[in-house]
Amino acid sequence: MNFIYAIFVLFVSVLVYVFYINRKVRRLPPGPWQLPIVGYLPWIDAEKPHETLTNLARVYGPICGFRMGSVYTVLLSDPQLIKQTFSKDMSTGRAPLYLTHGIMKGYGLVCAEGERWKDQRKFVSNCLRNFGMIKHEGPKREKMEKRISDAANECATALKNRGANGPIDPLNTLHHCMGNLVNSIVFGKTYKEEDEVWKWLRHLQEEGVKEIGVAGPLNFLPFLRFLPRYGRTIQSIVDGKEKTHKVYREILEEHRAQIAQASENTDRVESFLAAFDEQMRKENGTKSEFFTEPQLYHLLADLFGAGTDTTLTTFRWFLLFMAAHPTEQEKVRSEMDLCLKEGEQPTLDDRIAMPRLEAAIAEVQRIRTVTPLGIPHGTSEDMRIGDYDVPRGTMIVPMQWAIHTDPAYWQDPLEFRPDRFLSDDGSFFKPESFLPFQSGKRICVGEELARMILFLFAGRILRAFVISVPPDEIVDLEGDCGITLVPKPHRLMFVPRHH
């Protein structure tokens, strides 16, 4: 008995010593009190996680650390720290979350890391440049601009027809027009609005964003998947993924059949699917580690989801804030009327001449950050952030919401003021603390494309309509938070202008 007691005392002593040495050697960031196993999870507001974590950042400073279930988490709420940290290779991983590792298995782009991420990001970046996502003028950019302008014109026509008899919820119209633009770029095909497959894909995207948000605790406590409620959520996500991949397989076969029948002179629609399929054929029989069909399907889902969800949500917020702030809407419209002749629509060449439109879009991106917690990174090895040690396997959260609503960076941050993005000479300017597309090596690869889409859609719709909140209705500007912060269902008036 004494022997067992002695072994027990020795074991406890070793544990205490290891813990003490570990704390002494590692200077971890400050953070809140937390529980064993679940960490700080019980105190995180499931409906407004960005507000809970912002409060922690305000209390503990720009670097805050704690456990979320099995995952050690560090919040960064200083723009310079985020830029410095995310410029390093060791911070380009993905946190060990059940969603990225257990369900997506590291495929695609969003969940990929290491060599796969480097290879696929380079491929996506090259494709976007070839398609015309470039800042300077030229034939390629003109082709991309035409694709976007056609979609914006279709959107304006649909809003005019549907809004003729009073207020409407613009979501379905916007989702169809913007989503079809992304379909064209990603898959090389578009759908009629009432097409059953397209209706299902749109519904799945809306639900998926909510469900992955609801599945939050699963990422940190994977054993929850054995409970019925979470098990159903996981099953729904997995089923959705499998059915979506089946649709993508059919689109791929359709594309291959068209190529087999096409002559050399046939104009081909430029798309990621076509470019990836061509690369798969080139690498067939050689090293094709990253150009495989499972990777293709996950990549297409990432590109469609990221390309549609964030841009669509930003534009929905833009229309809402324009309707809620008619004076600011009129300022933007007056600027356009000065720059454009009758019947003309804004083009990408007009961006410098229309700084107020750019400023209004930027202010919406600030005040309603679409990804309030950014896209978390993971550390691939031990690293140092500021004065603190951050261990390998840590999840690093860039606190975009905290930065974009911090009075240290923005005067009266909760007020909608596009002027804060205008310099003294009236030109558009971007403050250091403005990070809508994140920062560093994993900065949003489609940033320029998103800016092109937002400018052309915003310009086209404000040129065509006076947008307002229906009489006796109050617009809710709070929103619902899943992966993204989306507006609650609402209705707006679209009254055609005569210029």
Side-chain angles (χ1 to χ4, degrees), residues 27-29 31 49-50 53-54 56-57 60-66 68 71-97 99-101 104 106 108-125 128 219 302 306 310 362 365-366 369-406 408-409 430-451 483-484:
R27 189 171 179 228
L28 297 175
H50 54 294
L53 299 184
T54 293
L56 283 181
Y60 293 98
I63 310 176
C64 168
F66 54 92
M68 290 176 72
V71 180
Y72 184 66
T73 302
V74 167
L75 311 180
L76 297 183
S77 55
D78 175 274
Q80 287 305 322
L81 266 179
I82 290 174
K83 287 173 184 174
Q84 289 165 14
T85 303
F86 286 177
S87 67
K88 297 172 182 171
D89 279 333
M90 63 186 77
S91 69
T92 59
R94 281 297 183 229
L97 306 180
L99 179 71
T100 54
H101 291 61
M104 301 307 172
L109 190 64
V110 175
C111 298
E113 52 190 352
E115 290 305 311
R116 183 193 301 277
W117 166 72
K118 286 180 185 173
D119 182 272
Q120 295 295 290
R121 184 180 172 92
K122 186 179 176 184
F123 167 76
V124 169
S125 183
L128 284 168
N219 276 324
D302 282 352
T310 51
Q365 290 177 303
R366 180 198 70 80
T369 306
V370 173
T371 50
L373 302 176
I375 305 294
H377 288 212
T379 55
S380 56
E381 54 188 276
D382 292 352
M383 68 181 295
R384 196 141 171 91
I385 301 178
D387 296 328
Y388 299 101
D389 299 310
V390 173
R392 178 177 180 270
T394 295
M395 176 169 77
I396 306 178
V397 180
M399 293 291 294
Q400 286 172 266
W401 180 269
I403 292 168
H404 287 169
T405 59
D406 190 337
Y409 304 118
K430 196 166 73 170
E432 288 277 303
S433 49
F434 182 54
L435 302 170
F437 297 100
Q438 235 166 257
S439 178
K441 298 198 171 187
R442 287 197 86 139
I443 192 170
C444 173
V445 70
E447 174 182 354
E448 182 59 23
L449 179 60
R451 293 181 69 236
I483 295 180
T484 47

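S433 contributes no side-chain N or O that, together with a main-chain N or O of P79, makes up a donor-acceptor pair within less than 3.5 Å. A distance-only check finds a donor-acceptor pair linking the side chain of T379 to the backbone of G393 [under 3.5 Å]. Side-chain atoms of D302 come within 3.5 Å of backbone atoms of L109 as a donor-acceptor pair (strictly under, hydrogens ignored). Within the 3.5 Å criterion, the main-chain N or O of R366 finds a donor-acceptor partner in the side chain of T369. The main-chain N or O of R392 is found under 3.5 Å from a side-chain atom of D382 such that the two form a donor-acceptor pair. Side chain of S77 to backbone of L75: no donor-acceptor contact under 3.5 angstrom is found. Although no hydrogens or angles enter the test, the distance criterion places a donor-acceptor pair under 3.5 Å between the side chain of R94 and the main chain of V110. Here the side chain of R384 pairs a donor or acceptor atom with the backbone of D387 at under 3.5 angstrom. K83 places a side-chain N or O within 3.5 Å of a backbone atom of E432 that can act as its donor or acceptor partner.
A 4.5 Å side-chain heavy-atom check between L53 and F66 finds at least one atom pair inside the cut-off. The closest side-chain heavy-atom distance from I385 to I396 is below 4.5 Å. For the pair F86/P398, a side-chain contact is recorded, criterion being any heavy-atom separation below 4.5 Å from C-beta on.
For the pairing with R116, the side chain to side chain contact (heavy atoms under 4.5 Å, CB included) check across E113, Q120, K118 returns one residue only, Q120.
Across all their heavy atoms, V71 and P96 have their closest contact at CG2-O, 3.9 Å. For the pair Y72 and G65, the tightest heavy-atom approach, listed with the atom from each and the gap, is OH-CA, 3.6 Å. Here the shortest heavy-atom pairing between V445 and R121 reads CB-NH1, 3.8 Å. Of all non-hydrogen atoms in L81 and G386, the two that sit nearest each other are CD2-N, 4.1 Å. Closest approach of I82 to I403, counting heavy atoms only: CD1-CD1, 3.4 Å.
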TODO: Give the C-alpha distance, both sets of side-chain angles, the deciding distance and a yes or no for side chain to side chain contact (heavy atoms under 4.5 Å, CB included) between L435 and H404.
DONE: CA-CA 8 Å; L435 302 170; H404 287 169; 4.2 Å; yes
Task: side chain to side chain contact (heavy atoms under 4.5 Å, CB included) between M383 and T394, worked out - done: CA-CA 10 Å; M383 68 181 295; T394 295; over 6 Å; no
TODO: I would like to know whether I375 and Q438 meet side chain to side chain contact (heavy atoms under 4.5 Å, CB included); could you show each step before the answer?
DONE: CA-CA 8 Å; I375 305 294; Q438 235 166 257; 3.8 Å; yes
- [ ] Carefully, step by step, assess V74 and Y388 under the rule side chain to side chain contact (heavy atoms under 4.5 Å, CB included).
- [x] CA-CA 11 Å; V74 167; Y388 299 101; over 6 Å; no
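Partners of S87 according to the side chain to side chain contact (heavy atoms under 4.5 Å, CB included) rule, which considers only residues two or more places apart in sequence or in another chain, do not exist here. With sequence neighbours excluded, the residues that form a side chain to side chain contact (heavy atoms under 4.5 Å, CB included) with P372 are H50, W401, C481, L485. Take K441 and apply the side chain to side chain contact (heavy atoms under 4.5 Å, CB included) test, not counting sequence neighbours, and it matches D89, T92, W117.
Interatomic distance, M399 CE to L373 CG, rounded to the nearest 0.5 Å: 5.5 Å. Put simply, CD on Q400 and OG on S439 are 9.5 Å apart, with the number rounded to the nearest 0.5 Å.
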